[in-house]
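Let me begin by presenting the structure, written as structure tokens, before commenting on it.
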Amino acid sequence: MIRIDVSFYGEISDRLGRERAMVFAADDITVGEIRAELARQDEAAAILLKPQIRVAVDSRVVPDDAQVASGQSVVFFSIVSGG
Amino acid sequence: MIRIDVSFYGEISDRLGRERAMVFAADDITVGEIRAELARQDEAAAILLKPQIRVAVDSRVVPDDAQVASGQSVVFFSIVSGG
Amino acid sequence: MAASANLELGHLDAGQELARFVAGLDGDGAVVSFTGLARAKASNGQAVSCLRLDWHPEMTPRSLIELALATAARFDVSDVRVVHRAGSIAPGEAIVFVAAASAHRRQAFLAADYLMDRLKTEAMFWKHESGPSGGCWIEPTEQDRADRARWSD
Amino acid sequence: MAASANLELGHLDAGQELARFVAGLDGDGAVVSFTGLARAKASNGQAVSCLRLDWHPEMTPRSLIELALATAARFDVSDVRVVHRAGSIAPGEAIVFVAAASAHRRQAFLAADYLMDRLKTEAMFWKHESGPSGGCWIEPTEQDRADRARWSD
């Protein structure tokens, strides 16, 4: 069992809220699998499958095949813009 | 008779001071003639013959063949630099 | 070589930031600053009543200092500073202040220019403009991407 | 489009100048400033105890406003400001402050950059640095002339 805190930043937070806790009946899981599971659970989360939605694990941006361990935080985020 | 106020700015003012009044026994005179007359009067003023020493009449930069009338002010100045 | 970044949740006073930056210098003669102000009109011409910059507690401050450090490393500058607002910002208020100091004015200009181009496209903020007819999320413009692409990294 | 210039015989406070410039804007989002500080060491490495900027009562102020106006006319900017010290200036004090405002940040950077290049080579000042081993007159450097030559006028 893995428990992971997922949060959403930018446009996707309009549809998905800021945070949700997810529990998986598995020993390990990848970022891509979390993305897919969210899209399965929630129609509004299909937007997460777009490639411009990036993801960070414990605040570090990672690719989709990155492993996520229990207790880590995963952030999905839309395109950024400062200044 | 023409009376002209001549002043010097920048490096040339070290040698020639800031101002001098000049009187010419003529009806008209050019900037170039004033330059030559100064160089004749004063050995230190030979520097005025260098082409990088520019000249303004009544605060407008002019070429050497510009006419100067009595009562006008003539400014000779070294290379400028701001900022 | 120094670089610093500040995520500002309250007010950002560009004049005060420039005064502080200049006071902290040690002999360098050229200081370039950029100040970005919240616009009163969106790109579609409609009034903006409020700009909101969403931010992440770890990723956002880190993106600022990383971009400041990258700028300081790339140019011949002695000091680089970025102060960036987050949260709700009224039209006309300063969103961002950037400064770079160098002995050479060209390097100070390039550093501030580069840092702004990177902030526009890489600083970890999510910008939302709201007005009388609703709100929308703002992404970097084509111009922002073209500006960013001028630099070789 | 506005342009203004001030010949400052007293103190020049860059932070205050930027604050005033920003406060006077009407909706434009991008402000670039340049501040030049009197250097503590001459190009030969010797200490500078005092910088003196000699100036002409008519030609010097006019050169400042003419260069500010030329800058405002050349770029897509809403406001251009130059404040330039004259007289005696201690090391570390601000000599010049330039600011440009635009809706487009690239135009604001270009305008400030251009104005500084022109001021360095065309503003009607005569600069004299003095130190422990005497004084000398300062002319634009080769770099200043090369910077000026980047622009097509």
Side-chain angles (χ1 to χ4, degrees), chain A residues 3-22 29-32 34-35 38-39 42-83, chain C residues 5 7-8 12 34-39 51-64 66-68 82-86 89 94-98 112-130 134-141 143-145 147-148:
Chain A
R3 186 211 140 106
I4 289 161
D5 292 317
V6 179
S7 56
F8 307 99
Y9 283 82
E11 189 168 6
I12 56 174
S13 67
D14 280 350
R15 312 198 193 180
L16 302 171
R18 172 65 83 201
E19 272 182 312
R20 53 180 84 176
M22 297 178 76
I29 196 161
T30 66
V31 161
I34 297 174
R35 217 191 261 264
L38 279 161
D42 182 345
E43 207 176 308
I47 193 179
L48 294 180
L49 301 177
K50 290 190 179 177
Q52 67 264 40
I53 306 301
R54 290 190 295 159
V55 60
V57 173
D58 283 357
S59 299
R60 292 285 171 189
V61 177
V62 295
D64 254 26
D65 60 1
Q67 292 283 334
V68 186
S70 195
Q72 286 192 307
S73 74
V74 174
V75 176
F76 289 94
F77 59 99
S78 302
I79 290 171
V80 300
S81 175
Chain C
L7 185 73
E8 177 61 60
L12 166 48
F34 179 88
T35 306
L37 306 169
R39 58 190 182 177
L51 174 67
R52 182 164 59 82
L53 265 70
D54 201 6
W55 56 288
H56 183 278
E58 284 174 35
M59 291 196 291
T60 304
R62 197 173 58 221
S63 71
L64 297 180
E66 282 176 356
L67 293 174
V82 53
V83 184
H84 207 299
R85 283 284 299 273
I89 299 164
I95 306 172
V96 63
F97 173 86
V98 150
D113 197 3
Y114 172 82
L115 180 49
M116 277 312 303
D117 284 348
R118 294 205 60 182
L119 286 166
K120 279 279 173 183
T121 51
E122 298 170 61
M124 287 283 208
F125 292 97
W126 298 275
K127 256 186 207 169
H128 187 269
E129 271 181 358
S130 37
C136 70
W137 294 88
I138 308 298
E139 294 183 358
T141 61
Q143 185 62 54
D144 289 332
R145 297 193 195 284
D147 287 343
R148 173 68 184 92

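The chains referred to below are lettered A, B, ... by the order of the sequence lines, with proteins before strands, and numbering in each begins at 1. Scope of the values below: all heavy atoms of this structure, side chains included, with no hydrogens, waters or symmetry mates.
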Check: Who wins among C:D54, C:L67, C:V96 for the most heavy-atom pairs under 4.5 Å with chain A?
Finding: C:D54
Check: Once you round to the nearest 0.5 Å, how far does CD of A:E11 lie from CG of A:L16?
Finding: 10.5 Å
Note to self: Heavy-atom count check: over 12 atoms from other residues, nucleotides or ligands less than 6.0 Å from A:Q52 CD?
What the structure shows: yes
Margin query: Are there residues of residues 73-83 of chain A whose heavy atoms fall under 4.5 Å of chain C's heavy atoms? If so, which?
Written below: A:V75, A:F77, A:S78, A:I79, A:V80, A:S81, A:G82, A:G83
Checklist line | Spatial distance of atom CZ (A:R35) from atom CG (A:L49) [nearest 0.5 Å] | finding: 7.5 Å
Check: In Å, rounded to the nearest 0.5 Å, how long is the span from CG of C:L119 to OH of C:Y114?
Finding: 10.5 Å
Check: Top residue by heavy-atom pair count (under 4.5 Å) with chain A, among C:K127, C:E58, C:R85?
Finding: C:K127
Next item on the list: Go through the atoms of C:H84 and report whether side chain, backbone, both or neither lie under 4.5 Å from a heavy atom of chain A.
Entry: side chain
Check: Roughly how far, to the nearest 0.5 Å, is CZ of A:R18 from CD1 of A:I12?
Finding: 9.5 Å
Next item on the list: Please find out if less than 6.0 Å separates the ring center of C:W126 from that of A:Y9.
Entry: yes
Margin query: Please check: side-chain N/O of A:R3 versus main-chain N/O of A:S70, any donor-acceptor pairing under 3.5 Å?
Written below: no
Notebook entry, point to check: So, are C:R148 and C:E122 salt-bridged, with charged N and O less than 4.0 Å apart?
Noted result: yes
Margin query: Does anything in residues 61-69 of chain A reach chain C? List residues with heavy atoms under 4.5 Å apart, or say none.
Written below: A:V61
Check: Can you tell me how far CZ of C:R118 sits from CG of C:D113, rounded to the nearest 0.5 angstrom?
Finding: 13.5 Å
Item checked: Side chain / backbone / both / neither for A:S7 at chain C, heavy atoms under 4.5 Å -> neither
Item checked: Contact class of C:L53 relative to chain A, heavy atoms under 4.5 angstrom -> neither
Check: Relative to chain A, which segment of C:R145 carries a heavy atom at a distance below 4.5 Å: side chain, backbone, both, or neither?
Finding: side chain
Next item on the list: Would you check if the side chain of C:R62 reaches a backbone N or O of A:S59 as a donor-acceptor pair within less than 3.5 Å?
Entry: yes
Item checked: Options C:A86, C:S63, C:P140, ranked by heavy-atom pairs under 4.5 Å with chain A, top entry -> C:P140
Notebook entry, point to check: Does C:D144 use its side chain to pair, donor to acceptor, with the backbone of C:T141 at less than 3.5 Å?
Noted result: yes
Notebook entry, point to check: Taking it one step at a time, do A:D42 and A:R15 satisfy side-chain contact (heavy atoms from CB on, under 4.5 Å)?
Noted result: CA-CA 10 Å; A:D42 182 345; A:R15 312 198 193 180; over 6 Å; no
Margin query: Quick check on C:M124 against chain A: is it the side chain, the backbone, both or neither that has a heavy atom closer than 4.5 Å?
Written below: both
Item checked: Candidate pair A:M22 and A:I34, rule side-chain contact (heavy atoms from CB on, under 4.5 Å), full reasoning -> CA-CA 9 Å; A:M22 297 178 76; A:I34 297 174; 4.0 Å; yes
